[in-house]
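Report on one structure; see the data block that follows.
As the structure is a prediction and not an experimental result, all values here were calculated from the model.
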Amino acid sequence: MAKGDPGVTTTRGRRAAPRAKRTAATAGGDPELVQLLTPAGERIESAFGPDGTEYRADFTDEEYRGLYRDLVLVRKLDAEATALQRQGELGLWASLLGQEAAQVGSGRALRRQDMAFPTYREHGVLYCRGIDPIMPLGLFRGVDQGGWDPNEFKFNMYTIVIGAQTLHATGYAMGVHMDGKTGGDDGEAVIAYFGDGATSQGDVNEAFVWASVFNAPLVFFCQNNQYAISEPLERQTRVPLYQRARGFGFPGVRVDGNDVLASYAVTRHALDNARHGQGPSLIEAYTYRMGAHTTSDDPTRYRIASEVEAWQAKDPIARMKAFLEKQKMADESFFAEVDEQARAESVHLRERVLAMPDPEPVTMFDHVYPHGSPELDEQRAQFSRYLESFEGSAH
């Protein structure tokens with residue numbers, strides 16, 4: 001699967017070996033969880049959502065291998081960014097460790113015309129949209145405000161304020177609907193990413209109201225990684241998060257967020273419904289944040305090691321690798337080649353980060369307004385005089 005090419009369908013190519021259908025009665029299965037790939041790498045032919053929708057995702061062998069490559073590369077690049085922060089080269093980093101399948105699956109489900117509104121952790125979605133992975137590192141290094149063009153890549157800038165991007169996405173989606181860009185296969189859809197903790201924010205709930213009332217072509221994608229920083233899920237809600245959608249008048253579904261195939265299938269279905277004018281929906285990707293909330297966080301203060309170990313057994317990369325091995329779609333040479341590619345790309349990323357030039361402090365005024373302003377000019381002049389006061393001093 002080519003990087004930046006989200007145009008894969010759910011029905012083309014040959015299927016893997018025969019698989020069983022997932023129902024609520026499946027032994028050991030969670031009837032509320034859409035899953036197409038078990039933690040052991042066993043393929044499930046189809047699964048059903050709470051409203052009876054059947055989900056499936058069939059790819060060619062090459063596309064299955066492409067999904068695995070995406071997962072490995074995204075994790076390696078994320079790990080390199082974490083290491084750079086620990087070495088003082090980044091001010092902060094929000095790792096996606098453990099959430100790769102939710103991000104790659106949903107990212108590859110987007111069509112070229114769709115628009116995404118991320119938080120500050122969607123590095124995997126950014127990668128799938130074809131954006132150079134160095135772009136967010138410039139932001140967290142403090143040398144720019146993020147370097148990509150949202151209109152070019154159909155991927156908005158990272159949003160630090162919790163939940164604010166859901167309002168931005170709702171307004172954008174309302175505009176898509178008012179412009180008549182829905183109603184067919186070539187219609188546009190919008191996706192908004194947020195975490196489980198954001199569901200307690202007023203912005204998110206207001207976005208739910210507006211999107212529902214105005215039938216906005218919007219998919220709310222909640223990555224439930226079990227913790228809002230240090231607050232566990234049970235302190236956020238007494239019911240599964242996806243069930244909240246019912247109260248706002250649109251459908252909700254919970255998907256295994258560590259299953260890249262199910263994440264793809266559920267997201268593609270929701271986006272297609274949105275682009276055809278069927279309004280918003282909520283996806284709860286049930287996953288786990290295996291690392292810290294950010295590099296300023298210490299998760300050992302609020303969770304135990306056995307919990308992390310239990311989720312490591314559901315690792316999204318390990319299960320995809322097991323699937324490829326079981327279906328004889330890949331061998332050790334393929335896995336070694338992917339690992340080497342990931343290593344090389346991470347080294348190259350590090351080199352580029354270290355080579356980033358430090359901007360002159362006064363450049364912070366350059367892009368505040370498109371045509372400047374007298375007030376801004378005066379502030380720039382005052383700041384320049386302040387900087388000049390240090391010249392030749394002992395400071």
(Q) Test question: given the 4.5 Å side-chain rule for I, L, V, M, F, W and Y, name all other residues clustered with Leu167, or answer none. (A) none

Q: State which residues pass salt bridge (Lys or Arg N to Asp or Glu O under 4.0 Å) with Glu337; sequence neighbours excluded, sorted by chain then number.
A: Arg69

Q.
Using modelled atom types and a 3.5 Å cut-off, is there a donor and acceptor pairing between side-chain atoms of Asp51 and backbone atoms of Thr53?
A. yes

**Q.** Carboxylate-amine/guanidinium contact Glu340 Arg343, below 4.0 Å
**A.** yes

Q: Report, as yes or no, whether the 6.0 Å neighbourhood of atom CZ on Arg235 holds more than 12 heavy atoms from other residues, nucleotides or ligands.
A: no

Q) Can Ile162 be reached from Val204 by stepping across I, L, V, M, F, W or Y side chains whose heavy atoms are under 4.5 Å apart? A) no

Q) At their closest point, which heavy atom of Ser346 faces which heavy atom of Lys76, and how far apart are they? A) OG-CE, 3.5 Å

Contacts under 3.5 angstrom, residues 183-190 side chains, donor-acceptor by atom type, not counting sequence neighbours:
from: Asp185; atom 1: OD1; to: His276; atom 2: NE2; distance (Å): 2.8

Q. Would you find a donor on one side and an acceptor on the other, under 3.5 Å apart, between the side chain of Arg86 and the backbone of Thr295?
A. yes

**Q.** salt bridge (Lys or Arg N to Asp or Glu O under 4.0 Å) against Asp366, all qualifying residues, sequence neighbours excluded
**A.** Arg380

**Q.** Hydrophobic cluster identity match, Val239 and Leu282, side-chain contacts under 4.5 Å
**A.** no

**Q.** Exam field: side chain Thr38 to backbone Glu42, donor-acceptor pair closer than 3.5 Å
**A.** yes

Q.
Does either side chain, that of Asp203 or that of Thr166, offer a donor lying less than 3.5 Å from an acceptor on the other one?
A. no

Q | Spatial distance of atom CG (Leu271) from atom NE2 (His269) [nearest 0.5 Å] | A | 11.0 Å

Q. Mind checking whether Leu137 and Arg352 have side chains closer than 4.5 Å, heavy atoms only?
A. no

Q | Min side-chain heavy-atom separation Ser106-Ser263 under 4.5 Å | A | no

Q: Indicate whether the side chain of Tyr302 and that of Asp297 have a donor and an acceptor atom separated by less than 3.5 Å.
A: yes

Q | Residue list, side chain to side chain donor-acceptor pair (under 3.5 Å) with Gln87, at least two apart or on another chain | A | Arg350

Q. Passes side-chain contact (heavy atoms from CB on, under 4.5 Å), Glu63 versus Leu67? Steps please.
A. CA-CA 6 Å; Glu63 289 163 350; Leu67 287 171; 5.9 Å; no

Q | Heavy-atom side-chain proximity of Phe214 to His177 below 4.5 angstrom | A | no

Q. Around Arg303, counting heavy atoms of other residues, nucleotides and ligands shown, do more than 12 lie under 6.0 Å from its CZ?
A. yes

Q | Distance in Å, Met174 CE paired with Trp210 CH2, rounded so as to fall on 0.5 Å steps | A | 5.5 Å

Q. Taking atom CZ of Arg275 and atom CG of Asp272, what is their separation to the nearest 0.5 Å?
A. 5.0 Å

Q) How long is the gap from OH on Tyr127 to CG on Leu77, to the nearest 0.5 Å? A) 6.5 Å

(Q) The criterion is salt bridge (Lys or Arg N to Asp or Glu O under 4.0 Å); which residues satisfy it with Arg319, sequence neighbours excluded? (A) Asp256

Q. Given side chains that start at C-beta, do those of Phe323 and Tyr68 come closer than 4.5 Å, heavy atoms only?
A. no

Q) Taking only residues at least two apart or on different chains, which pairs with a member in residues 353-373 satisfy ring-ring contact (aromatic ring centres under 6.0 Å, His included)? A) Phe365-Phe383

Q) Just by modelled atom types, is the Asp78 backbone N or O under 3.5 Å from a matching donor or acceptor in the Thr82 side chain? A) yes

Q) Between CG of Asp132 and CG of Leu126, what distance do you get to the nearest 0.5 Å? A) 8.5 Å

Q.
Check whether Asp259 reaches the backbone of Leu36 with its side chain - one donor and one acceptor, N or O, closer than 3.5 Å.
A. yes

Q | CA sep, side-chain torsions, deciding dist, call: Glu54, Glu45, side-chain contact (heavy atoms from CB on, under 4.5 Å) | A | CA-CA 10 Å; Glu54 182 178 14; Glu45 181 180 4; 6.0 Å; no

Q: Please tell me if the side chains of Val125 and Leu110 come closer than 4.5 Å, counting only heavy atoms from C-beta onward.
A: yes

Q) Do Tyr286 and Glu32 have a side chain donor and acceptor closer than 3.5 Å? A) no

Q.
Once ring-ring contact (aromatic ring centres under 6.0 Å, His included) is applied, do any residues pair with Tyr288, and if so which ones, sequence neighbours excluded?
A. Trp311

Q: With sequence neighbours left out, write down each residue that passes side chain to side chain donor-acceptor pair (under 3.5 Å) with Glu378, or none if nothing qualifies.
A: Gln382

Q.
Please determine whether residues Ile191 and Val260 belong to a single hydrophobic cluster, defined as Ile, Leu, Val, Met, Phe, Trp and Tyr linked transitively by side-chain heavy-atom distances below 4.5 Å.
A. yes

Q: Mark yes or no for whether Arg289, through its side chain, and Leu96, through its backbone, hold a donor-acceptor pair below 3.5 Å.
A: no

Q) Is any side-chain heavy atom of Thr267 less than 4.5 Å from a side-chain heavy atom of Val255? A) no

(Q) Would you say Val74 ends up clustered with Val338 if hydrophobic residues are merged whenever their side chains have heavy atoms under 4.5 Å apart, either directly or through other cluster members? (A) yes

Q.
Strictly by ring-ring contact (aromatic ring centres under 6.0 Å, His included), give each pair with a member in residues 91-120 just once, sequence neighbours left out.
A. Trp93-His123, Trp93-Phe140, Phe117-Tyr172

Q.
Working note: Phe248 + Asn205, criterion side-chain contact (heavy atoms from CB on, under 4.5 Å); need CA distance, chi angles, decisive distance, verdict.
A. CA-CA 9 Å; Phe248 293 92; Asn205 289 273; 3.5 Å; yes

(Q) Does Asp315 form a side-chain contact (heavy atoms from CB on, under 4.5 Å) with Arg75? I'd like the steps, not just the answer. (A) CA-CA 12 Å; Asp315 184 272; Arg75 175 172 292 186; 2.9 Å; yes

Q. Does any non-hydrogen side-chain atom of Phe59 lie less than 4.5 Å from one of Arg108?
A. no

(Q) Would you compute the distance between atom CD of Gln165 and atom CD1 of Ile160 and round it to the nearest 0.5 angstrom? (A) 9.5 Å

Using atom types as modelled, flag every donor-acceptor pair under 3.5 Å from a side chain in residues 215-231 to any protein atom, sequence neighbours excluded.
from: Asn215; atom 1: ND2; to: Gly277; atom 2: O; distance (Å): 3.1
from: Gln223; atom 1: OE1; to: Gln99; atom 2: NE2; distance (Å): 3.0
from: Gln223; atom 1: OE1; to: Gln103; atom 2: NE2; distance (Å): 3.3
from: Gln223; atom 1: NE2; to: Glu122; atom 2: OE2; distance (Å): 2.5
from: Asn224; atom 1: OD1; to: Gln226; atom 2: N; distance (Å): 3.0
from: Asn224; atom 1: ND2; to: Glu284; atom 2: OE2; distance (Å): 2.8
from: Asn225; atom 1: OD1; to: Tyr227; atom 2: N; distance (Å): 3.3
from: Asn225; atom 1: ND2; to: Gln99; atom 2: OE1; distance (Å): 2.9
from: Gln226; atom 1: NE2; to: Asn224; atom 2: O; distance (Å): 3.3
from: Gln226; atom 1: NE2; to: Thr287; atom 2: O; distance (Å): 3.0
from: Tyr227; atom 1: OH; to: Glu307; atom 2: OE1; distance (Å): 3.2
from: Tyr227; atom 1: OH; to: Glu307; atom 2: OE2; distance (Å): 2.8

**Q.** Arg301, CZ: over 12 other non-hydrogen atoms inside 6.0 angstrom
**A.** no

Q: Look at Lys328 together with Asp61 and state whether they make a salt bridge at an N to O cut-off of under 4.0 Å.
A: no

Q: May I ask you to test the Met157-Trp148 pair for a side-chain heavy-atom distance under 4.5 Å?
A: yes

**Q.** Joint hydrophobic cluster, Phe153 plus Met115, side-chain heavy atoms closer than 4.5 Å
**A.** no

Q.
Applying salt bridge (charged side-chain N to carboxylate O under 4.0 Å, His left out) as the test, list every pair that has at least one member in residues 133-149; sequence neighbours left out.
A. Glu89-Arg141

